[in-house]
Amino acid sequence: MTLSTWNINSIRVRLPLVLQFIQERQPHILLLQEIKCTNDQFPKSEFEDQGYNVEVHGEKSYNGVAILSKFPIEKVDTTFSGNTLEDQARFLSIEAKLPIGYSNIISLYAPNGGQVNSKKYDEKLNFFQSLKEYISATLRYDLSLIIGGDFNIAAENLDVYDHVQCSNNICFTIQERQKLRALINAGLCDLYRIKNPDKQEWSWWDYKGRFFDMDHGMRIDTIMSSYNVAQSLNDCVIEKAWRRKKSTSDHAPVTAIFSDEKS
DNA sequence: ATGGTAGCATGGCTA
């Protein structure tokens with residue numbers, strides 16, 4: 001089973017590219033972020049034509065998340081208990097019977113945070129606090145949880161192109177990294193890091209300047225899961241080729257491949 | 001320190 005996540009920065013602009021990605025990669029599940037449209041603007045039938053069940057949590061202009069699933073979707077939630085940014089479309093949860101077992105799958109678009117120490121920055125820290133408390137209260141030894149998306153925080157020094165230069169930048173301050181660490185410590189594994197313990201790869205490169213040409217990026221998108229799900233993991237890769245394409249997103253997709261056995 | 005690009009929406013916000 002293959003599960004991908006991709007911050008596509010507008011589904012209406014990126015529909016042809018996402019359809020091409022589906023054709024080539026054939027993910028059983030695709031988590032999307034920054035769809036930047038309302039539910040009725042989302043090209044649902046185009047994905048249904050490709051054999052996907054589709055759930056969308058959108059809003060006008062900004063944010064927005066969606067989940068495409070080859071497996072029937074059994075339960076849907078557009079927020080979580082305690083969500084401090086409930087008015088923004090950043091969270092979509094489904095349940096589905098996967099080959100690895102019955103699972104809760106979440107598409108997450110964490111806030112960027114704007115400027116360090118701004119109002120948005122505080123809201124970002126508070127959002128992660130509320131998400132950690134929810135995940136902590138929800139995780140049980142018999143629950144299979146997959147949470148993928150744009151976390152908008154790079155965890156470690158090897159997750160940014162220059163950890164000295166980036167240390168005061170949004171998405172890499174100590175305060176943010178502590179929030180991400182606390183979320184992981186609630187009982188999650190970073191599936192990319194399990195399979196690539198030393199690799200330095202990025203999932204996001206700024207559109208501005210020559211960031212992509214210079215390979216100056218950050219690894220802020222990933223797929224996390226409960227430990228039992230991680231036992232079924234075969235590989236996890238960042239698909240940089242999709243960031244190289246014309247008229248693409250500023251993020252690359254991340255894909256996890258699982259063995260089809262229950263863990 | 002600022003600006004560089006991109007999308008939404010058509011001025012300025014968000015990233």
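In what follows, every chain begins at residue 1, and chains take the letters A, B, ... in the order their sequences are listed.
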Notebook entry, point to check: Is Arg219(A) close enough and on-axis enough to Tyr192(A), meaning under 6.0 Å and within 45°, for cation-pi?
Noted result: no
Note to self: Mind checking if Tyr109(A) touches a base, just sugar-phosphate, or nothing, with heavy atoms under 4.0 Å?
What the structure shows: sugar-phosphate
Notebook entry, point to check: How many Å lie between CG on Asn152(A) and C1' on dA15(B), as a whole number?
Noted result: 8 Å
Notebook entry, point to check: Distance between the C1' atoms of dG3(B) and dA15(B), in whole angstroms?
Noted result: 15 Å
Notebook entry, point to check: Between atom CZ in Arg14(A) and atom C1' in dG7(B), what is the gap in whole Å?
Noted result: 8 Å
Note to self: Return whichever of Ile11(A) or Asp206(A) has its heavy-atom-nearest nucleotide of DNA chain B closer to the 5' end.
What the structure shows: Asp206(A)
Item checked: DNA chain B: 5'-proximal contact among Phe211(A) and Gly114(A) (nearest heavy atom) -> Phe211(A)
Notebook entry, point to check: Among dG7(B), dT14(B), dG4(B), which nucleotide sits nearest the side chain of Lys120(A)?
Noted result: dT14(B)
Next item on the list: Identify which nucleotide among dA9(B), dT5(B), dG7(B) has an atom closest to any side-chain atom of Lys36(A), counting heavy atoms from C-beta outward.
Entry: dG7(B)
Note to self: Ring of Phe212(A), cation from Arg244(A) - is the NZ or CZ under 6.0 Å from the centre and inside 45° of the axis?
What the structure shows: no
Checklist line | Same-atom distance (P) from dA6(B) to dT2(B), integer angstrom | finding: 23 Å
Checklist line | Interatomic distance, Glu34(A) CD vs dC13(B) C1' [rounded to whole Å] | finding: 13 Å
Item checked: Integer-rounded Å distance: dT14(B) P and Asn112(A) CG -> 11 Å
Item checked: Nearest-Å distance for atom pair CH2/C1', residues Trp205(A) and dG4(B) -> 19 Å
Notebook entry, point to check: Any idea which of dA15(B), dA6(B), dA9(B) is nearest the Arg12(A) side chain?
Noted result: dA9(B)
Next item on the list: Rounded off to whole Å, could you give me the CD1-to-C1' distance for the Ile8(A) and dA6(B) pair?
Entry: 13 Å
Next item on the list: Rounded to whole angstrom, note down the C1' distance from dT14(B) over to dG4(B).
Entry: 16 Å
Next item on the list: Tell me, with the steps shown, if Val116(A) and Asn168(A) meet side-chain contact (heavy atoms from CB on, under 4.5 Å).
Entry: CA-CA 8 Å; Val116(A) 176; Asn168(A) 296 315; over 6 Å; no
Check: Between the base of dC13(B) and the side chain of Tyr62(A), is there a donor-acceptor distance below 3.5 Å?
Finding: yes
Checklist line | Salt bridge flag under 4.0 Å for residues Asp250(A) and Arg243(A) | finding: no
Item checked: Nearest listed nucleotide, side chain of Asn9(A), among dG7(B), dA9(B), dA15(B) -> dG7(B)
Check: Is any NZ, NE, NH1 or NH2 atom of the basic residue among Glu176(A) and Lys124(A) found under 4.0 Å from an Asp or Glu carboxylate oxygen of the other?
Finding: yes
Notebook entry, point to check: Could Lys36(A) and Tyr62(A) be counted as a cation-pi pair, given that NZ or CZ must be under 6.0 Å from the ring centre and within 45° of the axis?
Noted result: no
Margin query: Expressed as a whole number of angstroms, how long is the span from Asn63(A):CG to dC8(B):P?
Written below: 13 Å
Notebook entry, point to check: Which is true for Arg243(A) with a 4.0 Å heavy-atom rule: it touches a base, it touches only sugar-phosphate, or it touches nothing?
Noted result: nothing
Note to self: Any side-chain N or O of Arg90(A) below 4.0 angstrom from OP1/OP2 of dA15(B)?
What the structure shows: yes
Item checked: Ser61(A) side chain, from C-beta outward: closest of dA6(B), dC8(B), dA15(B) -> dC8(B)
Check: What integer distance in Å separates Lys124(A):NZ from dT14(B):C1'?
Finding: 13 Å
